[in-house]
Each structure stands twice: as structure tokens, then as C-alpha cells.
Amino acid sequence: MTQKKQAIQPNHFVVIMAGGTGTRFWPYSRKSRPKQFLDILGTGKSLLRITYERFIPVCNPENIFIVTNQEYADLVEEIIPEIATEQILLEPVKKNTAPCIALASYKIRKKNPDAIITVTPADHMIFQEDKFFKALSVARDGATDQGKLITIGIRPSRPETGYGYIQYIPGKEVLKKVKTFTEKPEAGLAQKFLESGEFVWNAGIFIWHVNAIIDALNHCLPEIGEVFEEIQNEFYTDGEEKAIFNAYSQTKNISIDYGVMEKAPNVYVVLGSFSWSDLGSWNTLHELSEQDTEKNVVKANAILYDTEGCYVQAPMDKLLVVKGLKNYLITENEKVILICPKDDEKAFKDFTIDVKKQKGDEYL
């Protein structure tokens with residue numbers, strides 16, 4: 001059955017958050033070109049390009065804004081050359097998602113005070129877009145009520161410990177009232193969440209009326225709301241860049257989840273049944289990639305012996321021989337060779353911290 005195409009509404013906006021450093025994909029993801037700017041899945045398109053194109057059928061291109069760090073401005077323009085400069089919001093420093101969303105929300109409100117905004121990460125994959133658009137449509141309709149903050153939750157298929165969870169109050173309503181948020185639970189608790197039927201994975205996708213999120217920022221994070229209120233008249237003027245710099249010098253580093261969503265009383269979730277991945281780690285990429293009979297992903301000129309569940313990536317001009325490893329990452333990228341258990345996500349952050357301390361920025 002053909003999916004009915006949604007009408008594109010002039011009040012619909014999309015904000016793509018693309019300022020992360022992709023630490024958990026080091027050494028493939030580098031400081032100079034993080035994972036959202038890479039063709040992680042071998043499709044010929046970067047994750048940012050895929051995300052941008054995902055929303056073209058349901059949003060006017062001029063209403064799609066990208067927030068990133070100022071050092072990645074050229075990368076955004078390279079990957080999405082058709083986007084206008086005013087649609088690229090440059091953060092002078094990395095301050096997590098709350099300031100990022102505040103910046104985009106205040107600028108969009110000046111352009112359209114009736115905006116319904118969808119906020120999405122640049123590095124997530126959605127494989128059943130018709131089902132995603134259906135959930136998005138429900139959320140957008142709900143967001144016309146300016147008193148609701150809405151997120152999309154993914155029905156869990158396994159007791160995943162790498163995702164956050166949202167507990168909702170069961171009922172017949174399509175917008176479920178959110179009860180609790182839980183970050184990356186232990187395996188036993190994740191299993192209980194799955195069995196209860198009242199939890200969904202937190203996809204990090206938000207939908208709200210621009211006034212709803214600004215009201216929430218002013219209530220839950222008044223110090224952030226105040227600094228962006230002060231600079232709102234500078235948007236779309238020659239003073240915008242300086243104003244943003246001054247605002248960021250006064251804001252703290254805090255996520256929208258912790259700063260707003262976990263505190264606000266008016267949070268709702270739409271249950272999504274589409275296939276989704278946050279592509280947050282080598283382990284996740286391994287799960288999504290084509291595997292051989294031993295569950296290895298091999299993107300290298302390699303011979304493997306007694307090796308199972310590994311991700312092997314290296315230049316094709318070298319022969320790589322591997323024996324006796326299970327669930328390991330073996331990769332070579334730009335002067336760095338890394339061999340380690342692929343599911344130890346915390347280790348990758350430790351690696352980059354130690355490399356910076358001991359070797360400087362050359363290998364980051």
C-alpha cells in the first residue's frame with residue numbers, strides 16, 4: 001500500500017543537531033571530521049546528508065536549520081551546498097544540547113512565531129521512514145497545543161543497555177504522558193523495562209511549538225532562557241555572530257534531557273514502531289553491517305582464523321591476519337591502529353583523553 005504523502009506546512013521546521021565529536025567512533029571519526037560528516041554505512045552519503053534528505057518530503061528546505069560547531073561550518077557547506085548561510089547556526093563552543101536547542105528556537109521564533117519544530121540528531125538511522133513519518137505527523141498535530149513537549153519513543157525489541165528509556169502512563173491516547181526517564185540501565189533492569197510494556201527507547205527526537213520549548217527553557221533553565229531572550233533582536237542582523245558568542249559565554253553545559261525533559265511536567269511521548277538506531281558506537285555499526293558466517297564484518301584485505309563477532313577495517317593495500325579474537329574491533333585509520341573489545345563504549349572516551357594527554361592532537 002502506498003504511503004500517503006504528508007502535506008508540507010509552512011509552520012513546520014526541523015533542527016538538525018550536528019555538533020558532536022563522535023568520540024565513540026574514534027579513530028575513524030576524527031576531531032577534524034566527526035562521524036556525522038562521514039559515510040559510515042558505505043551508502044555514498046554522510047549521516048548528515050541522509051538526515052537532511054529524510055526531512056525534505058515533510059519540510060520546506062528553507063525551514064531546515066543545522067546547528068554545529070563553528071569549526072565544522074565548511075563541512076556543512078560541503079555536504080549540503082544548497083543550504084542558505086542563515087540556516088547554519090554556529091556554536092562558538094560545545095555546550096551540549098540545551099544551549100543548542102535554545103539558539104535554534106529563539107532564531108526560528110523570530111522568523112515564525114507559530115513554528116512547530118522537530119529536533120533531531122544528525123547521526124541517527126531510520127529504516128522505515130513511512131512509519132516514522134506517521135509518528136512524526138501525530139507528534140506535530142499534538143504540538144499545536146502549545147502546552148506540550150513531545151518526544152518519539154521506539155518500542156524496544158530487546159533489553160538494550162546502551163539506550164535511555166522513557167516510561168509512560170498506559171492509555172488509549174496517542175500522546176502518552178511521560179512518567180520517568182532512565183539513562184542506560186543495567187541488563188537486569190532493562191529486561192524488567194521490556195517485560196513491563198510501559199517503556200520505550202529514548203530516540204532523542206523532539207517535537208514542540210516554539211513557544212512551548214521557550215517557556216520550558218525559561219522555567220527549567222532560566223539562566224539559559226534569559227541570555228537568549230537578551231539577544232533575540234540580533235538574529236538575522238550583522239550582530240548575530242557576536243551576540244551568539246556572548247550568549248554561549250554565559251550558558252552552562254547541560255543536555256536538554258537533563259535540563260528540561262526530566263523536569264518539565266508537560267512531557268508526552270508518541271510510540272514509534274519503525275526501525276531505528278542511534279549509530280552511537282562501533283558495536284552498533286557492527287550490528288547494522290553485513291556479516292559473514294562467523295558474524296564478522298570485514299572491510300579489509302584480511303584472513304581470519306578462529307575469529308568471531310569482530311569488526312575489521314583497514315586499508316586494502318595491506319594484508320591483515322587475525323587469529324583467536326572474539327567481539328573485537330580491529331581498525332586502522334590515519335596513523336592510528338586500534339585493537340580492543342568493540343562493546344566497551346566507555347573505553348573510547350578514555351582512549352581519546354589519554355591520547356590527547358600523552359600524544360597531543362595529532363592522532364585525534
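Start at 1 with the first residue, then count along the sequence.
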Short side-chain to backbone donor-acceptor contact, [X] and [Y], under 3.5 Å:
{"X": "Thr144", "Y": "Asp141", "result": "yes"}
{"X": "Asn296", "Y": "Asp292", "result": "no"}
{"X": "Lys326", "Y": "Cys310", "result": "no"}
{"X": "Asp39", "Y": "Thr43", "result": "yes"}
{"X": "Gln313", "Y": "Ile330", "result": "no"}
{"X": "Glu77", "Y": "Asp74", "result": "no"}
{"X": "Gln87", "Y": "Pro61", "result": "yes"}
{"X": "His286", "Y": "Lys295", "result": "yes"}
{"X": "Asn63", "Y": "Pro10", "result": "yes"}
{"X": "Arg30", "Y": "Gly22", "result": "no"}

Among the clusters formed by ILVMFWY side chains lying less than 4.5 Å apart, do [X] and [Y] turn up in the same one?
{"X": "Leu217", "Y": "Phe65", "answer": "yes"}
{"X": "Ile88", "Y": "Val93", "answer": "no"}
{"X": "Val67", "Y": "Met261", "answer": "yes"}
{"X": "Ile224", "Y": "Leu89", "answer": "yes"}
{"X": "Ile150", "Y": "Val260", "answer": "no"}

**OP:** Under the side chain to side chain donor-acceptor pair (under 3.5 Å) rule, what do Asn11 and Asn112 come out as? Steps first, then yes or no, please.
**Re:** CA-CA 7 Å; Asn11 289 344; Asn112 187 331; 2.9 Å; yes
Considering only heavy atoms from C-beta outward, does the side chain of [X] approach that of [Y] to under 4.5 Å?
{"X": "Ile152", "Y": "Phe274", "answer": "yes"}
{"X": "Val312", "Y": "Tyr328", "answer": "no"}
{"X": "Ile66", "Y": "Leu48", "answer": "yes"}
{"X": "Ile256", "Y": "Phe206", "answer": "yes"}
{"X": "Tyr305", "Y": "Val321", "answer": "yes"}

Subject >> Qualifying residues under side chain to side chain contact (heavy atoms under 4.5 Å, CB included), relative to Ser255, sequence neighbours excluded >> reply: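 Applying side chain to side chain contact (heavy atoms under 4.5 Å, CB included) to Ser255 gives Asn96, Thr97, Asp257, Tyr258.
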Subject >> side chain to side chain contact (heavy atoms under 4.5 Å, CB included) involving Lys176 - partner list, sequence neighbours excluded >> reply: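 Once residues adjacent in sequence are excluded, the partners of Lys176 under the side chain to side chain contact (heavy atoms under 4.5 Å, CB included) criterion are Tyr168, Val269, Leu271.
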What donor-acceptor contacts under 3.5 angstrom involve side-chain atoms of residues 178-194, with partners at least two apart or in another chain?
| unit_1 | atom_1 | unit_2 | atom_2 | d |
| --- | --- | --- | --- | --- |
| Thr180 | OG1 | Gln167 | OE1 | 2.9 |
| Gln191 | NE2 | Glu195 | OE2 | 3.0 |

**OP:** Working to the nearest 0.5 Å, report the span between CZ of Phe228 and CG of Leu221.
**Re:**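 Answer rounded to 0.5 Å: 11.0 Å.
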Original post:
side chain to side chain contact (heavy atoms under 4.5 Å, CB included) between Trp201 and Arg155: does it pass, once the steps are laid out?
Top reply: CA-CA 6 Å; Trp201 289 334; Arg155 297 179 190 274; over 6 Å; no
How about [X]: does its [atom1] atom have over 12 heavy atoms from other parts shown lying under 6.0 Å from it?
{"X": "Lys31", "atom1": "NZ", "answer": "no"}
{"X": "Lys263", "atom1": "NZ", "answer": "yes"}
{"X": "Lys299", "atom1": "NZ", "answer": "yes"}
{"X": "Tyr248", "atom1": "OH", "answer": "yes"}
{"X": "Glu241", "atom1": "CD", "answer": "no"}
{"X": "Lys359", "atom1": "NZ", "answer": "no"}

**OP:** Check the pair Thr284, Arg24 against side chain to side chain contact (heavy atoms under 4.5 Å, CB included), reporting the backbone distance first and the verdict last.
**Re:** CA-CA 11 Å; Thr284 305; Arg24 288 180 293 170; over 6 Å; no
**OP:** List the steps and the verdict of side chain to side chain donor-acceptor pair (under 3.5 Å) for Glu86 and Tyr236.
**Re:** CA-CA 7 Å; Glu86 68 178 30; Tyr236 301 99; 5.1 Å; no
Subject >> Residue pair Phe13, Thr118: steps toward the side chain to side chain contact (heavy atoms under 4.5 Å, CB included) verdict >> reply: CA-CA 6 Å; Phe13 285 72; Thr118 300; over 6 Å; no
Taking only residues two or more places apart in sequence, or in another chain, which ones meet [X] in a side-chain hydrogen bond (donor to acceptor under 3.5 Å, both in side chains)?
{"X": "Asp354", "result": "none"}
{"X": "Asp306", "result": "Lys323"}
{"X": "Lys95", "result": "none"}
{"X": "Asp278", "result": "none"}

Original post:
With a distance cut-off below 6.0 Å to the six-membered ring centre and an angular limit of 45° from the axis, does Lys177 pair with Tyr268 as a cation-pi contact?
Top reply: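 Yes - Lys177 lies over the ring of Tyr268, closer than 6.0 Å to its centre and within 45° of its axis.
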**OP:** Would you mind checking if Glu334 and Arg33 are paired as a salt bridge, meaning a charged N to carboxylate O distance below 4.0 Å?
**Re:**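 Salt bridge: no.
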Original post:
Below 4.0 angstrom, N of the basic side chain to O of the carboxylate: do Lys318 and Glu332 qualify?
Top reply: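 Glu332 and Lys318: salt-bridged.
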Subject >> Listed partners of Lys346 passing salt bridge (Lys or Arg N to Asp or Glu O under 4.0 Å), at least two apart >> reply: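 By the salt bridge (Lys or Arg N to Asp or Glu O under 4.0 Å) rule, Lys346 matches Asp350.
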**OP:** If you link ILVMFWY side chains whenever their heavy atoms are less than 4.5 Å apart, which other residues fall into the same cluster as Val297? By chain and number, please.
**Re:**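 Besides Val297, the cluster holds Phe25, Trp26, Tyr28, Leu38, Ile40, Leu41, Leu47, Ile50, Met125, Phe127, Leu279, Trp282, Leu285, Leu288, Tyr311, Leu329, Val336, Leu338, Phe348, Phe351, Val355, Tyr363, Leu364.
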Subject >> Results of ring-ring contact (aromatic ring centres under 6.0 Å, His included) for Phe55 - residues two or more places apart only >> reply: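 For Phe55 the ring-ring contact (aromatic ring centres under 6.0 Å, His included) partners, ignoring immediate neighbours, are Phe132.
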Original post:
So, for Tyr163 and Trp276, is the gap between ring centers shorter than 6.0 Å?
Top reply: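 Aromatic pair counts; centres sit under 6.0 Å.
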Subject >> Identified side-chain contact (heavy atoms from CB on, under 4.5 Å) partner of Cys59 from the options Leu136, Ile64, Ile116 >> reply: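 With Cys59 as partner, side-chain contact (heavy atoms from CB on, under 4.5 Å) holds for just one option, Ile64.
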**OP:** Take Asn233 and Ile231, measure what side chain to side chain contact (heavy atoms under 4.5 Å, CB included) needs, and give me the verdict at the end.
**Re:** CA-CA 6 Å; Asn233 291 330; Ile231 70 166; over 6 Å; no
Original post:
How would you list all residue pairs meeting side-chain hydrogen bond (donor to acceptor under 3.5 Å, both in side chains) that involve residues 44-60, not counting sequence neighbours?
Top reply: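 Qualifying pairs: Lys45-Glu53, Arg49-Glu53, Arg49-Glu82, Arg54-Glu129.
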Subject >> Selection residues 64-73 - residue pairs positive for side-chain hydrogen bond (donor to acceptor under 3.5 Å, both in side chains), sequence neighbours left out >> reply: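 Applying side-chain hydrogen bond (donor to acceptor under 3.5 Å, both in side chains) to every pair that reaches into residues 64-73, excluding sequence neighbours, yields Glu71-Lys94.
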